[in-house]
Amino acid sequence: MALTPEDVVTKQFQHVRFKEGFDPDEVDDFLDEIVVEWRKTIAENEELKAKLAAYESGEAPAAASTDDAVVEEVPAPVPAVEQPAPAGDMAPAAASAGIIELAQRLHDEHVAEGKAQRDKLIADAQAQAASIISEAEARGRDEVARLEAERVSLEGRISELQQFEKDYRGQLRGFIESKLRDLDTTGVSAGA
(Lines give C-alpha, C1' and ligand atoms only; values in the text may rest on other atoms or scores of the structure.)
Protein backbone atom coordinates (compact mmCIF):
# COMPACT_ATOMS: atom_id res chain seq x y z
CA MET A 1 0.00 0.00 0.00
CA ALA A 2 1.39 3.41 -0.95
CA LEU A 3 1.11 5.55 2.15
CA THR A 4 0.41 9.24 1.66
CA PRO A 5 0.42 12.07 4.19
CA GLU A 6 -3.36 12.23 3.76
CA ASP A 7 -3.59 8.62 4.93
CA VAL A 8 -1.75 9.54 8.11
CA VAL A 9 -3.90 12.63 8.68
CA THR A 10 -7.21 10.85 8.06
CA LYS A 11 -6.42 7.58 9.85
CA GLN A 12 -9.12 6.76 12.43
CA PHE A 13 -8.32 4.29 15.20
CA GLN A 14 -10.90 2.23 17.06
CA HIS A 15 -11.60 3.28 20.63
CA VAL A 16 -11.13 0.59 23.25
CA ARG A 17 -13.82 0.07 25.86
CA PHE A 18 -13.10 0.47 29.55
CA LYS A 19 -9.88 2.47 29.03
CA GLU A 20 -8.84 5.67 27.32
CA GLY A 21 -6.93 5.82 24.08
CA PHE A 22 -6.77 3.76 20.93
CA ASP A 23 -6.22 0.08 20.30
CA PRO A 24 -2.44 -0.31 20.77
CA ASP A 25 -2.16 -3.10 18.19
CA GLU A 26 -3.89 -1.01 15.56
CA VAL A 27 -1.68 2.00 16.30
CA ASP A 28 1.48 -0.18 16.18
CA ASP A 29 0.42 -1.69 12.84
CA PHE A 30 -0.21 1.73 11.38
CA LEU A 31 3.12 3.07 12.62
CA ASP A 32 4.82 0.01 11.09
CA GLU A 33 3.26 0.94 7.74
CA ILE A 34 4.57 4.49 8.12
CA VAL A 35 8.07 3.21 8.90
CA VAL A 36 8.08 0.94 5.84
CA GLU A 37 6.97 3.75 3.54
CA TRP A 38 9.52 6.18 5.00
CA ARG A 39 12.30 3.65 4.60
CA LYS A 40 11.30 3.28 0.95
CA THR A 41 11.33 7.06 0.60
CA ILE A 42 14.76 7.33 2.22
CA ALA A 43 16.14 4.58 -0.05
CA GLU A 44 14.66 6.28 -3.12
CA ASN A 45 16.08 9.61 -1.94
CA GLU A 46 19.56 8.08 -1.58
CA GLU A 47 19.26 6.47 -5.03
CA LEU A 48 18.28 9.80 -6.58
CA LYS A 49 21.18 11.52 -4.82
CA ALA A 50 23.53 8.92 -6.26
CA LYS A 51 22.13 9.50 -9.76
CA LEU A 52 22.44 13.24 -9.30
CA ALA A 53 26.04 12.86 -8.18
CA ALA A 54 26.71 10.68 -11.25
CA TYR A 55 25.22 13.30 -13.57
CA GLU A 56 27.14 16.06 -11.83
CA SER A 57 30.41 14.19 -12.22
CA GLY A 58 29.66 13.64 -15.93
CA GLU A 59 29.44 9.87 -15.66
CA ALA A 60 26.60 7.97 -17.22
CA PRO A 61 24.25 6.67 -14.56
CA ALA A 62 24.12 3.01 -13.80
CA ALA A 63 21.37 1.00 -15.47
CA ALA A 64 18.05 2.74 -15.06
CA SER A 65 15.65 1.11 -12.66
CA THR A 66 12.34 -0.28 -13.85
CA ASP A 67 10.53 2.55 -12.03
CA ASP A 68 12.02 5.17 -14.39
CA ALA A 69 9.57 5.53 -17.28
CA VAL A 70 11.36 8.41 -19.06
CA VAL A 71 15.00 9.40 -18.67
CA GLU A 72 15.66 12.98 -19.69
CA GLU A 73 18.98 13.93 -21.21
CA VAL A 74 20.88 16.55 -19.26
CA PRO A 75 22.65 18.89 -21.71
CA ALA A 76 25.55 19.76 -19.47
CA PRO A 77 26.73 18.61 -16.09
CA VAL A 78 25.50 20.74 -13.25
CA PRO A 79 28.24 22.02 -10.95
CA ALA A 80 28.45 20.09 -7.72
CA VAL A 81 27.02 21.71 -4.66
CA GLU A 82 28.77 21.10 -1.41
CA GLN A 83 26.67 19.20 1.05
CA PRO A 84 26.88 20.54 4.61
CA ALA A 85 26.73 17.01 6.02
CA PRO A 86 26.66 13.51 4.62
CA ALA A 87 23.24 12.38 3.37
CA GLY A 88 23.18 9.45 5.75
CA ASP A 89 23.32 11.77 8.77
CA MET A 90 20.61 14.08 7.42
CA ALA A 91 18.01 11.42 6.56
CA PRO A 92 17.26 10.31 10.15
CA ALA A 93 17.20 13.92 11.36
CA ALA A 94 14.87 14.93 8.51
CA ALA A 95 12.72 11.88 9.13
CA SER A 96 12.58 12.68 12.85
CA ALA A 97 11.68 16.28 12.11
CA GLY A 98 9.00 15.07 9.71
CA ILE A 99 7.60 12.68 12.30
CA ILE A 100 7.56 15.40 14.93
CA GLU A 101 5.90 17.83 12.52
CA LEU A 102 3.32 15.21 11.57
CA ALA A 103 2.67 14.35 15.21
CA GLN A 104 2.28 18.04 16.08
CA ARG A 105 -0.11 18.58 13.17
CA LEU A 106 -2.16 15.52 14.17
CA HIS A 107 -2.16 16.74 17.77
CA ASP A 108 -3.34 20.19 16.70
CA GLU A 109 -6.07 18.68 14.53
CA HIS A 110 -7.26 16.44 17.36
CA VAL A 111 -7.24 19.34 19.80
CA ALA A 112 -9.19 21.51 17.33
CA GLU A 113 -11.63 18.65 16.73
CA GLY A 114 -12.02 18.19 20.49
CA LYS A 115 -12.66 21.89 21.01
CA ALA A 116 -15.21 21.93 18.19
CA GLN A 117 -16.94 18.90 19.67
CA ARG A 118 -16.85 20.50 23.13
CA ASP A 119 -18.39 23.71 21.76
CA LYS A 120 -21.06 21.70 19.95
CA LEU A 121 -21.89 19.74 23.11
CA ILE A 122 -22.10 22.94 25.14
CA ALA A 123 -24.35 24.56 22.53
CA ASP A 124 -26.57 21.47 22.43
CA ALA A 125 -26.75 21.38 26.23
CA GLN A 126 -27.61 25.08 26.39
CA ALA A 127 -30.33 24.63 23.76
CA GLN A 128 -31.71 21.64 25.65
CA ALA A 129 -31.60 23.59 28.93
CA ALA A 130 -33.43 26.51 27.32
CA SER A 131 -36.05 24.10 25.95
CA ILE A 132 -36.51 22.46 29.36
CA ILE A 133 -36.79 25.85 31.07
CA SER A 134 -39.35 27.16 28.57
CA GLU A 135 -41.34 23.93 28.87
CA ALA A 136 -41.26 24.18 32.69
CA GLU A 137 -42.34 27.83 32.54
CA ALA A 138 -45.22 26.93 30.21
CA ARG A 139 -46.29 24.11 32.55
CA GLY A 140 -46.04 26.51 35.49
CA ARG A 141 -48.24 29.09 33.71
CA ASP A 142 -50.77 26.38 32.83
CA GLU A 143 -50.81 25.10 36.41
CA VAL A 144 -51.25 28.63 37.83
CA ALA A 145 -54.13 29.26 35.40
CA ARG A 146 -55.74 25.94 36.34
CA LEU A 147 -55.38 26.68 40.06
CA GLU A 148 -56.78 30.19 39.58
CA ALA A 149 -59.81 28.79 37.77
CA GLU A 150 -60.25 26.22 40.57
CA ARG A 151 -59.99 28.99 43.18
CA VAL A 152 -62.66 31.05 41.43
CA SER A 153 -64.88 27.95 41.22
CA LEU A 154 -64.39 27.18 44.92
CA GLU A 155 -65.07 30.78 45.94
CA GLY A 156 -68.30 30.65 43.94
CA ARG A 157 -69.27 27.39 45.66
CA ILE A 158 -68.47 28.94 49.07
CA SER A 159 -70.69 31.92 48.26
CA GLU A 160 -73.49 29.54 47.25
CA LEU A 161 -73.12 27.59 50.49
CA GLN A 162 -73.10 30.78 52.58
CA GLN A 163 -76.26 31.95 50.85
CA PHE A 164 -77.84 28.49 51.39
CA GLU A 165 -76.93 28.67 55.09
CA LYS A 166 -78.44 32.15 55.39
CA ASP A 167 -81.64 31.08 53.64
CA TYR A 168 -81.83 27.85 55.69
CA ARG A 169 -81.38 29.75 58.99
CA GLY A 170 -84.06 32.19 57.98
CA GLN A 171 -86.49 29.39 57.08
CA LEU A 172 -85.64 27.47 60.27
CA ARG A 173 -86.16 30.59 62.42
CA GLY A 174 -89.49 31.27 60.72
CA PHE A 175 -90.56 27.64 61.24
CA ILE A 176 -89.56 27.66 64.93
CA GLU A 177 -91.23 31.04 65.54
CA SER A 178 -94.40 29.82 63.87
CA LYS A 179 -94.38 26.68 66.05
CA LEU A 180 -93.83 28.84 69.15
CA ARG A 181 -96.79 31.03 68.17
CA ASP A 182 -98.86 27.94 67.58
CA LEU A 183 -97.77 26.64 70.99
CA ASP A 184 -98.66 29.95 72.65
CA THR A 185 -102.08 30.05 70.99
CA THR A 186 -102.82 26.42 71.83
CA GLY A 187 -101.67 26.97 75.42
CA VAL A 188 -103.83 30.06 75.81
CA SER A 189 -106.86 28.39 74.28
CA ALA A 190 -106.35 25.29 76.41
CA GLY A 191 -106.10 27.41 79.58
CA ALA A 192 -109.30 29.28 78.74
Side-chain angles (χ1 to χ4, degrees), residues 1-41 94-192:
M1 157 184 160
L3 186 64
T4 65
E6 289 75 24
D7 293 335
V8 175
V9 171
T10 59
K11 177 67 177 173
Q12 295 291 319
F13 295 103
Q14 296 293 328
H15 289 278
V16 179
R17 292 185 181 198
F18 307 118
K19 63 180 179 179
E20 286 189 32
F22 298 107
D23 182 12
D25 294 333
E26 189 176 351
V27 173
D28 288 341
D29 292 344
F30 188 66
L31 291 175
D32 290 342
E33 289 178 34
I34 292 173
V35 168
V36 168
E37 290 299 318
W38 276 338
R39 285 182 180 155
K40 286 181 187 176
T41 303
S96 296
I99 291 172
I100 291 172
E101 181 181 336
L102 175 64
Q104 183 63 44
R105 188 174 62 217
L106 286 173
H107 171 265
D108 293 344
E109 288 174 4
H110 286 297
V111 167
E113 182 181 315
K115 286 181 180 179
Q117 187 174 7
R118 176 202 64 196
D119 293 343
K120 182 182 180 297
L121 289 173
I122 288 172
D124 289 349
Q126 288 174 339
Q128 187 177 9
S131 171
I132 290 170
I133 289 171
S134 64
E135 185 178 320
E137 288 173 346
R139 282 185 186 171
R141 285 191 296 272
D142 292 346
E143 188 66 19
V144 167
R146 185 187 67 77
L147 290 173
E148 183 64 26
E150 189 176 339
R151 183 183 65 83
V152 169
S153 170
L154 289 173
E155 285 177 350
R157 182 78 175 130
I158 289 171
S159 296
E160 290 174 9
L161 289 173
Q162 286 175 340
Q163 185 62 39
F164 175 78
E165 178 193 19
K166 186 177 180 182
D167 293 344
Y168 186 76
R169 282 179 185 262
Q171 289 175 357
L172 185 60
R173 180 172 299 182
F175 178 75
I176 292 174
E177 287 176 354
S178 73
K179 291 298 176 187
L180 284 175
R181 277 193 299 271
D182 288 346
L183 188 61
D184 283 342
T185 54
T186 39
V188 172
S189 50

Exceeds 12 heavy-atom contacts within 6.0 angstrom, atom [atom1] of [X]:
X	atom1	answer
Gln117	CD	no
Arg151	CZ	yes
Glu101	CD	no

Salt bridge (charged side-chain N to carboxylate O under 4.0 Å, His left out) between Arg139 and Glu135, worked out: CA-CA 6 Å; Arg139 282 185 186 171; Glu135 185 178 320; 3.0 Å; yes

Within the side chain of Thr41, is there an N or O that forms a donor-acceptor pair under 3.5 Å with the backbone of Glu37?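 At least one qualifying donor-acceptor pair exists.
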
Side chain Ser153, main chain Ala149, donor-acceptor under 3.5 Å: no

List the steps, then state whether side chain to side chain contact (heavy atoms under 4.5 Å, CB included) holds for Lys179 with Ile176. CA-CA 5 Å; Lys179 291 298 176 187; Ile176 292 174; 5.7 Å; no

Tell me which one of Ile99, Ile100, Leu106 satisfies side-chain contact (heavy atoms from CB on, under 4.5 Å) with Leu102. Leu106

Test: salt bridge (Lys or Arg N to Asp or Glu O under 4.0 Å). Region: residues 116-126. Which pairs qualify, not counting sequence neighbours?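 For residues 116-126: Lys120-Asp124.
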
Do any pairs count as a salt bridge (Lys or Arg N to Asp or Glu O under 4.0 Å) and have a residue in residues 160-177, sequence neighbours left out, and if so which ones?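 Matches after skipping sequence neighbours: Arg157-Glu160, Glu165-Arg169.
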
Under the rule for side chain to side chain contact (heavy atoms under 4.5 Å, CB included), what residues qualify as partners of [X], not counting sequence neighbours?
X	value
Leu31	Val27, Ile34
Glu137	Ile133, Arg141
Val144	none

With sequence neighbours left out, write down each residue that passes side-chain hydrogen bond (donor to acceptor under 3.5 Å, both in side chains) with Gln162, or none if nothing qualifies.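 Gln162 satisfies side-chain hydrogen bond (donor to acceptor under 3.5 Å, both in side chains) with no other residue.
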
Is there side-chain contact between Asp108 and Arg105, with at least one heavy-atom pair below 4.5 Å? no

